[in-house]
Protein chains: 2
Amino acid sequence: MLPNINIQVNPNTHLKDPNSSELGRNIIAKSIDMIDELGFEHFNFRKLSKEIKSSEASIYRYFTSKQKLLLYLTGWYWGWMEYKLTLKVANIASPEERLIRAITLLTGLVEEGSNFAHISEARLQKIVIAESSKAYLNKEVDSENEFGVFADYKRLVGTVSDILLEIDSTYKYPHMLISTVIEGSHLQRHFSKHLPKLTDIDKNEDLITPFYVELVCKAICIK
Amino acid sequence: MLPNINIQVNPNTHLKDPNSSELGRNIIAKSIDMIDELGFEHFNFRKLSKEIKSSEASIYRYFTSKQKLLLYLTGWYWGWMEYKLTLKVANIASPEERLIRAITLLTGLVEEGSNFAHISEARLQKIVIAESSKAYLNKEVDSENEFGVFADYKRLVGTVSDILLEIDSTYKYPHMLISTVIEGSHLQRHFSKHLPKLTDIDKNEDLITPFYVELVCKAICIK
DNA sequence: CAAATATAATAGTATTACTATCAATTATGC
DNA sequence: GCATAATTGATAGTAATACTATTATATTTG
């Protein structure tokens, strides 16, 4: 079931909306596959252009660099998460329940679906887990930020923080807690695959979401 | 006061111990400055060789790549942190007090000292905050890990987890909690400078350490 | 002092991250 | 249906990066 919506991404991430053409959608679809497979460092526009049987120059007409493409993909992911969050908490009266649903969504694994023809949501999540921090851990972060490219992420953190403040308006660290949970859960997923000594694994069940749900509940004293 | 110790870093990070020669110590000293100033992506061995008035080829005799140099620097940092932790918790009977001292050390800002002639500890911490995740967020992580280059970090997380387990041996997520705290505090320091909407700032006091101390205490129910 | 080792200087290669140009194709407006 | 504009593809080129190789020159050590 395709939702009849499309996720708006900050136009400063791209020269031309990749959603507006077949080539653009191809760039997105195949770049998700390739970044997932090669890793962001080994991915480049020359390889991508060969895969989609286009040219490097054509891709550069959509994105001025692969960093901008990463900003587009992560922006899309956060926009999509915000949309899913809105659905998940709609009509739920209890802020505690809404908060738990939010944390569960933000820390959980995306199951593959086909809500968007050209975007593999599960693969996109793998990219966000492994690569998204490279979008802000660099010297360009301030100038990019001025152009609003992190707005989707900041808004999502704000939205969840507001739920938390409904429960306890005196809590001093709402944004720290939520961004710690989101980024932490990504790291734990990476560690569980590659550096298991840095995490706690049970082969029968996912401990990452339960850990963060418990952490948040204890932090704001929900029993 | 220089401690008469030197931090041992896993030899698989380097071809030749940079501590064993003037050139090696120069590489370390100046690379810390340059990575801090330029960021890891804009830093390279050609620029470094010019700064230290040596040659690219000479630097490559110590480190086979700038990634390996980053692994050396982060390994050194974690070894040094383990040393400081050992001192801070020595002779403290209460595991609660030891845990709080550990979290305070791991989440706090390093004040500039001159314990090591060629290493600026405060600048090295800035590198660890902004760049260290790039050492494991890549496709080479598994092969590097086989060579033990993350051992110092894993050991430190294990050490602190053990303190935590002394307090509550039934706690299910000790490693997750400690690695979340360490990585989280780094991210919050980055966010507080560049993406303040993702964190909570008070201009008069550092909230990062208090937040993580409180988070850990609540997680394992220390009042 | 001879031999081994470390360093410096120089040059070269393959790849990357673009930019520029122009031709071919496709879409649009009348 | 045709002229015009916009998009795309093909090709070439540039500066920088991440190395490798070679040889000469210091420096250390036995």
Side-chain angles (χ1 to χ4, degrees), chain A residues 11-31 34-35 37-73 118 131 134-135 138-140 143-144 149, chain B residues 11-31 34-35 37-73 118 131 134-135 138-140 143-144 149:
Chain A
N12 290 317
T13 59
H14 49 272
L15 287 174
K16 189 180 166 177
D17 185 359
N19 231 328
S20 69
S21 73
E22 194 59 34
L23 175 61
R25 287 184 294 271
N26 260 318
I27 290 171
I28 299 306
K30 205 72 202 177
S31 68
M34 293 185 78
I35 295 173
E37 274 154 32
L38 304 175
F40 190 63
E41 285 75 24
H42 296 291
F43 164 82
N44 64 45
F45 283 176
R46 196 175 48 81
K47 293 175 185 169
L48 176 61
S49 71
K50 282 185 181 164
E51 280 288 321
I52 62 175
K53 292 176 176 67
S54 178
S55 69
E56 242 181 302
S58 297
I59 298 169
Y60 277 103
R61 278 185 210 104
Y62 287 82
F63 296 100
T64 55
S65 67
K66 68 175 183 173
Q67 284 77 11
K68 287 282 163 77
L69 171 56
L70 181 63
L71 285 169
Y72 178 89
L73 294 175
H118 62 296
E131 321 288 357
K134 296 167 192 170
N138 59 50
K139 292 288 178 184
E140 287 75 36
S143 55
E144 297 287 10
V149 299
Chain B
N12 290 318
T13 58
H14 50 271
L15 288 174
K16 189 180 165 175
D17 184 1
N19 230 327
S20 68
S21 73
E22 194 58 35
L23 175 61
R25 287 183 293 270
N26 258 318
I27 290 171
I28 299 305
K30 205 71 202 176
S31 68
M34 292 185 80
I35 294 173
E37 274 154 32
L38 304 174
F40 190 63
E41 286 73 24
H42 296 292
F43 164 81
N44 65 47
F45 284 176
R46 196 175 47 81
K47 291 174 185 169
L48 176 60
S49 71
K50 283 187 182 164
E51 279 289 320
I52 62 174
K53 292 176 176 65
S54 177
S55 70
E56 243 180 301
S58 296
I59 298 169
Y60 276 103
R61 272 183 219 105
Y62 287 82
F63 296 101
T64 56
S65 66
K66 68 175 184 172
Q67 284 77 13
K68 288 282 162 77
L69 172 57
L70 181 62
L71 285 168
Y72 177 90
L73 293 176
H118 61 297
E131 320 288 357
K134 297 167 191 170
N138 59 49
K139 293 288 178 185
E140 288 75 34
S143 54
E144 296 287 12
V149 299

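Residue numbering restarts at 1 for every chain, and letters A, B, ... go by the order of the sequence lines.
- Summarising the geometry, the separation between OH on A:Tyr60 and C1' on D:dG13 is reported as 14 Å, rounded to the nearest angstrom.
- Rounded to whole Å, the distance from NZ on A:Lys53 to C1' on D:dT11 is 19 Å.
- Taking 4.0 angstrom as the limit, A:Lys47 places none of its side-chain polar atoms (N or O) nearer than this to OP1 or OP2 of C:dA17.
- Using a 4.0 Å cut-off, some side-chain N or O of B:Ser21 falls inside it from OP1 or OP2 of C:dT7.
- Protein atom CG of A:Asn44 is 15 Å distant from nucleotide atom C1' of D:dA18, rounded to whole Å.
- Looking at heavy-atom distances under 4.0 Å, A:Ser55 makes contact with a base.
- With rounding to whole Å, B:Leu38 atom CG is found 10 Å from D:dT17 atom P.
- Side-chain contact check for A:Lys139 versus B:Glu41: every heavy-atom pair is 4.5 Å or farther apart.
- Of the side-chain N and O atoms in B:Lys50, none sit less than 4.0 angstrom from OP1 or OP2 of C:dA8.
- Distance A:Phe40 CZ to C:dT16 C1': 13 Å, rounded to the nearest Å.
- The separation between B:Asn26 atom CG and C:dT7 atom P is 11 Å, rounded to whole Å.
- OP1 or OP2 of D:dG9 has at least one side-chain nitrogen or oxygen of A:Ser54 nearer than 4.0 Å.
- Annotation: side chain of A:Lys47 is in contact with side chain of A:Met34 (closest heavy-atom distance under 4.5 Å).
- Tested against A:Glu144, the residues A:Leu71, A:Asn138, A:Thr13, A:Asn12 include a single side chain to side chain contact (heavy atoms under 4.5 Å, CB included) partner, A:Leu71.
- Under a 3.5 Å cut-off, the side chain of B:Lys66 and the backbone N or O of B:Phe43 do form a donor-acceptor pair.
- Looking only at side-chain heavy atoms (C-beta outward), A:Ile28 and A:Phe63 come within less than 4.5 Å of each other.
- When each of A:His42 and A:Ala57 is assigned the nucleotide of DNA chain C with its nearest heavy atom, A:His42 is the one assigned upstream, toward the 5' end.
- Listed nucleotides: D:dA10, C:dT7, C:dA17. Nearest to the side chain of B:Arg61: C:dT7.
- Straight-line distance from the CD1 atom of B:Ile59 to the P atom of D:dA21: 18 Å, rounded to whole Å.
- Rounded to whole Å, atom P of D:dA12 lies 15 Å from atom CZ of A:Arg46.
- A:Ser49 comes within contact range of no nucleotide atom at all, as no heavy-atom separation falls under 4.0 Å.
- For C:dA6, the OP1/OP2 oxygens have no side-chain nitrogen or oxygen of B:Ser58 closer than 4.0 Å.
- The shortest distance between the side-chain N/O atoms of B:Tyr62 and the OP1/OP2 oxygens of C:dT7 is below 4.0 Å.
- Residue B:Phe45 is classed as having no contact, given no heavy-atom separation below 4.0 Å to the nucleic acid.
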